[in-house]
Asker: 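Have a look at this one before I ask anything.
When a residue number appears, it is its place in the shown sequence, counting from 1.
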Amino acid sequence: MTTARDRGPAAALADARDRPDGPERCAELERIASRADATGDPRTALSARFALVEAYLHRGERWRAVEPVRRMRATLARHPGLLDARPDELTRLRRHQRQAVEASFGTPRVGLDQARSLLDALAAELGEDAAPVAELRCRLADHLGDEPAARRAYKRWSAADATDPVGGCPGCAPARRADLLAGWGEPEAALAALAPALTAWVEPQVATAGSGRSRAGRDGSRASRTERGEPPAGPAGRDEPQVAPSAVDCTDQPERALAVGLLPWLRTGAVTRAARAHVRAYRRHRGERTAFPLLAAHLRFCALGGYLHRGLEILTEQLPELDRPADDLSAMEFAAAGSLLCGLAAEAGLGGRRIHRPGHGSRPAAEVDVATLGTQLQALATALAGSFDARNGTGHQSGRIASWLAERPLAAPVSLAAESEFDEEPDADDPAEPGPPGPEEPAPLDAALLAAALDARGEPYTPEPDGSLAGRWGEATIQFRLLGRHGDVLHARVVAQRRLPAGRRAEAYAFCNAWNHDRLLPAAYVHEPGDGTLVLAAGVSTDLSCGVAPAQLAVLVAAAVRTGAAYAEAVAALP
């Protein structure tokens, strides 16, 4: 019996691409890459490790991508010209290299020497003044507590080209910068840095007389924004937060920027602005798995802004996520923010309130009082900070968490009645404009949703005159377009880069028939353009007339890219 392994690494890789995501698929990709190394097939080794890195990133295990990225760099060192004709793949590798360095900020399981080695290699190719390099230098120095070095790198980062394709999302760069500035004790500078990401957030303004409504408080007071110490608002006549056209093409904005701005707004006296930003942002973040790292900002806002009851409700709702965090850093910060909230709540007489903490591993489910939960969360945050510091050889993370736990309220406590002004549900006669759908919330398929799914992958693509979105993945050019009477059918067309001579028609048909017999996706066919060559193409259509959730669309796009690239590689491997 002939197995996939007997047919060689390239054939085994084509089979592995069709496997469902999971540990078994990752293990098989690792075996294929190692076998390709041993048999002198660097091209397949690279392809397998690209697939492996993307599988780890999709599973939220960024730290596991460090070793395959390091091995890809070693493969290129042995075969320097391997990607000379594939600039898109070289950019893709450098992007993964950046993500591998970023993994060291999120977990102590990545060694600093590994991170620095990958960063130095990236700097050797791009230059120290390139935006991705300067940003990583800045964030690494800040993580270690070397603020002077971080500030020097911050200046280079701010002056660099923000559109470098190797860098992270340019729409999120203002939030990343503001987070650093806020941590350095510069709330005004942080808010100024956030401005480009807040073009989609128009601050509401108190209605004028005769407008039919007022924003009087529950106690009847109608203090002006100036009297409340808040910055001027947006256009007159808007009583609730509105969405304006954004100058920043990023699906995470403005909510991510709003979360980063919560503490700076509190520290500069704009309490109501911070409260409204919190409500808008948390409406989205409460149900997004990828938003877990931002929850600490919401908890700290509630603790330091006097919204203790609301903070405890959020802590109760999000506490199960602490058992499956995005990384160790986000778990540490969530636990520290939760402990701060519980401590302040206990001081306010709420220490006996009980919160359900679900079981996890050997820990049984229990109803825990607020004071006890605060102690548990403090122990977790302190332990995680200690693990970072043991790896880093500094005490910076422990000191940072200690400073969080020592914080005191920045605003006077607000009564529950006043707190209801910022509840999730708008007044029935004043509906708020709906925000973007959550990752699990179905929405009608449209071009914007498709573009967002491709943007989230961080890979280049090009809008075409017919409205389709096309990109190059390995040996394949893939076009995504909306078909059907209402544009609710997602169609992905794959075209292999390699063409066959027209004289190999029978062989081409036999190949496509075999592919369609053995593979579920995509459906392969032969096209004759009339120039003496044969184009081997494929396609897959999905009827989404009932709507599609962004998370589901991301899976469909990923499947089309993965299977389409495998098809084109199989064409390229033909004799």
Asker: Applying side-chain hydrogen bond (donor to acceptor under 3.5 Å, both in side chains) between His285 and each of Glu255, Arg280, Gln318, His298, report the one that passes.
Answerer: His298

Asker: Test side chain to side chain contact (heavy atoms under 4.5 Å, CB included) on Val53 and Tyr56 and set out the steps.
Answerer: CA-CA 5 Å; Val53 168; Tyr56 285 144; 5.6 Å; no

Asker: I'd like to know if the side chain of Asp323 and the backbone of His360 have a donor-acceptor N/O pair within less than 3.5 Å.
Answerer: no

Asker: Is the shortest distance from a Lys or Arg side-chain nitrogen in Arg95 or Glu89 to a carboxylate oxygen in the other one below 4.0 Å?
Answerer: no

Asker: Spell out, as yes or no, whether a donor-acceptor pair under 3.5 Å connects the side chain of Ser47 to the backbone of Thr44.
Answerer: no

Asker: Taking atom types as modelled, find out whether Thr477 and Gln497 have a side-chain donor-acceptor pair closer than 3.5 angstrom.
Answerer: yes

Asker: Please check if any side-chain donor atom of Asp41 sits under 3.5 Å from a side-chain acceptor atom of Thr39, or the reverse.
Answerer: no

Asker: Is the closest side-chain heavy-atom distance between Arg86 and Leu83 below 4.5 Å?
Answerer: yes

Asker: Under the 6.0 Å and 45° cation-pi test, does Arg139 pair with Phe105?
Answerer: no

Asker: I want to check something: taking the side chain as every heavy atom from C-beta on, are Gln479 and Val494 in contact at a cut-off of under 4.5 Å?
Answerer: no

Asker: I'd like to know if the side chain of Asn513 reaches the main chain of Tyr509, judged simply by a donor and an acceptor atom lying under 3.5 Å from each other, with no hydrogens or angles considered.
Answerer: yes

Asker: Answer yes or no: is there an ion pair linking Glu28 with Arg25, defined by an N-O contact shorter than 4.0 Å?
Answerer: no

Asker: How long is the gap from CG on Leu118 to CZ on Arg94, to the nearest 0.5 Å?
Answerer: 13.5 Å

Asker: So, are Glu67 and Arg64 salt-bridged, with charged N and O less than 4.0 Å apart?
Answerer: no

Asker: At their closest point, which heavy atom of Leu322 faces which heavy atom of Phe334, and how far apart are they?
Answerer: CD1-CD2, 3.8 Å

Asker: With a 3.5 Å cut-off and no angle check, do the side chains of Asp120 and Ser117 form a donor-acceptor pair?
Answerer: no

Asker: Please list all pairs passing the ring pair (Phe, Tyr, Trp, His ring centres under 6.0 Å) test where one or both residues lie in residues 513-552, with sequence neighbours left out.
Answerer: Trp515-Tyr567

Asker: Check side-chain contact (heavy atoms from CB on, under 4.5 Å) between Glu317 and all other residues, then give those that pass, not counting sequence neighbours.
Answerer: Tyr282, Arg286

Asker: If I compare all heavy atoms of Ala178 with all of Val260, which pair ends up nearest, and what's the gap?
Answerer: CB-CG1, 3.9 Å

Asker: Does the side chain to side chain contact (heavy atoms under 4.5 Å, CB included) test come out yes or no for Leu140 and Val101, once each step is laid out?
Answerer: CA-CA 9 Å; Leu140 179 58; Val101 176; 5.7 Å; no

Asker: Where is the tightest heavy-atom contact between Ala45 and Ala33, given as atom of each residue plus distance?
Answerer: CB-O, 3.9 Å

Asker: Arg177: which residues meet the side chain to side chain donor-acceptor pair (under 3.5 Å) condition with it, sequence neighbours left out?
Answerer: none

Asker: To the nearest 0.5 angstrom, please state how far the CG atom of Leu119 sits from the CD atom of Glu102.
Answerer: 10.5 Å

Asker: Could you grab the distance from atom OG of Ser104 to atom CG of Asp113, nearest 0.5 Å is fine?
Answerer: 11.0 Å

Asker: Short question: side chain of Arg391, backbone of Gly111 - any donor-acceptor pair under 3.5 Å?
Answerer: no

Asker: Examine the side chains of Thr107 and Asp328 and answer whether a donor and an acceptor come within less than 3.5 Å of each other.
Answerer: yes

Asker: Is it true that Asp129 and Arg156 make a salt bridge, defined as a side-chain N closer than 4.0 Å to a carboxylate O?
Answerer: yes

Asker: What I'd like to find out is whether the side chain of Arg137 reaches to under 4.5 Å of the side chain of Arg116, using heavy atoms alone.
Answerer: no

Asker: What closest approach, in Å, do Val66 and Gln114 show between heavy atoms, and which atom pair accounts for it?
Answerer: CG1-NE2, 4.0 Å

Asker: Considering all heavy atoms of both residues, which atom of Leu194 and which atom of Ala175 are nearest to each other, and what is their separation?
Answerer: CD2-CA, 3.7 Å

Asker: Indicate the atoms forming the closest heavy-atom contact of Arg62 with Ala103, along with that distance.
Answerer: CG-CB, 3.6 Å

Asker: Do Phe388 and Leu329 come close enough that some side-chain heavy atom pair is under 4.5 Å?
Answerer: yes

Asker: For the pair Phe480 and Trp473, name the ring-plane relationship: parallel under 30°, tilted 30 to 60°, perpendicular over 60°.
Answerer: perpendicular

Asker: Could you tell me if the side chain of Arg498 sits less than 4.5 Å from the side chain of Glu569, heavy atoms only?
Answerer: no

Asker: With a 3.5 Å distance limit and no angle check, can you tell me whether Ser330 reaches the backbone of Asp327 through a side-chain donor-acceptor pair?
Answerer: yes

Asker: Could you tell me whether the side chain of Arg472 and the main chain of Ile478 form a donor-acceptor pair under 3.5 Å?
Answerer: no

Asker: Assess whether atom NE2 of His58 is packed by more than 12 heavy atoms of other residues, nucleotides or ligands within 6.0 Å.
Answerer: no

Asker: Taking only Lys NZ, Arg NE, NH1 and NH2, and the carboxylate oxygens of Asp or Glu, determine whether Glu464 and Arg481 approach each other closer than 4.0 Å.
Answerer: no

Asker: State the CZ-CG distance between Arg504 and Leu536, to the nearest 0.5 angstrom.
Answerer: 9.5 Å

Asker: Decide yes or no on side chain to side chain contact (heavy atoms under 4.5 Å, CB included) for Val535 and Glu528, but give the supporting numbers first.
Answerer: CA-CA 6 Å; Val535 175; Glu528 297 189 47; over 6 Å; no

Asker: Measure the spacing between CG of Asp252 and OG1 of Thr290 and express it to the nearest 0.5 Å.
Answerer: 6.5 Å

Asker: I'd like to check Arg71 versus Arg73 (side-chain heavy atoms, cut-off strictly below 4.5 Å). Are they in contact?
Answerer: no

Asker: Is there a side-chain contact between Asp488 and Leu482, using heavy atoms and a 4.5 Å cut-off?
Answerer: no

Asker: Which value, rounded to the nearest 0.5 Å, describes the distance between Leu93 atom CG and Gln97 atom CD?
Answerer: 6.0 Å

Asker: Checking side-chain contact (heavy atoms from CB on, under 4.5 Å) between Glu54 and each of Arg59, Glu459, Arg49, which is the one that passes?
Answerer: Glu459

Asker: Begin with the C-alpha distance, continue with both residues' side-chain angles, and end with the deciding distance and a verdict on side chain to side chain contact (heavy atoms under 4.5 Å, CB included) for Leu450 and Leu490.
Answerer: CA-CA 9 Å; Leu450 176 58; Leu490 175 66; 4.0 Å; yes

Asker: Would a 4.5 Å heavy-atom cut-off, applied to side chains only, mark Arg519 and Thr563 as touching?
Answerer: no

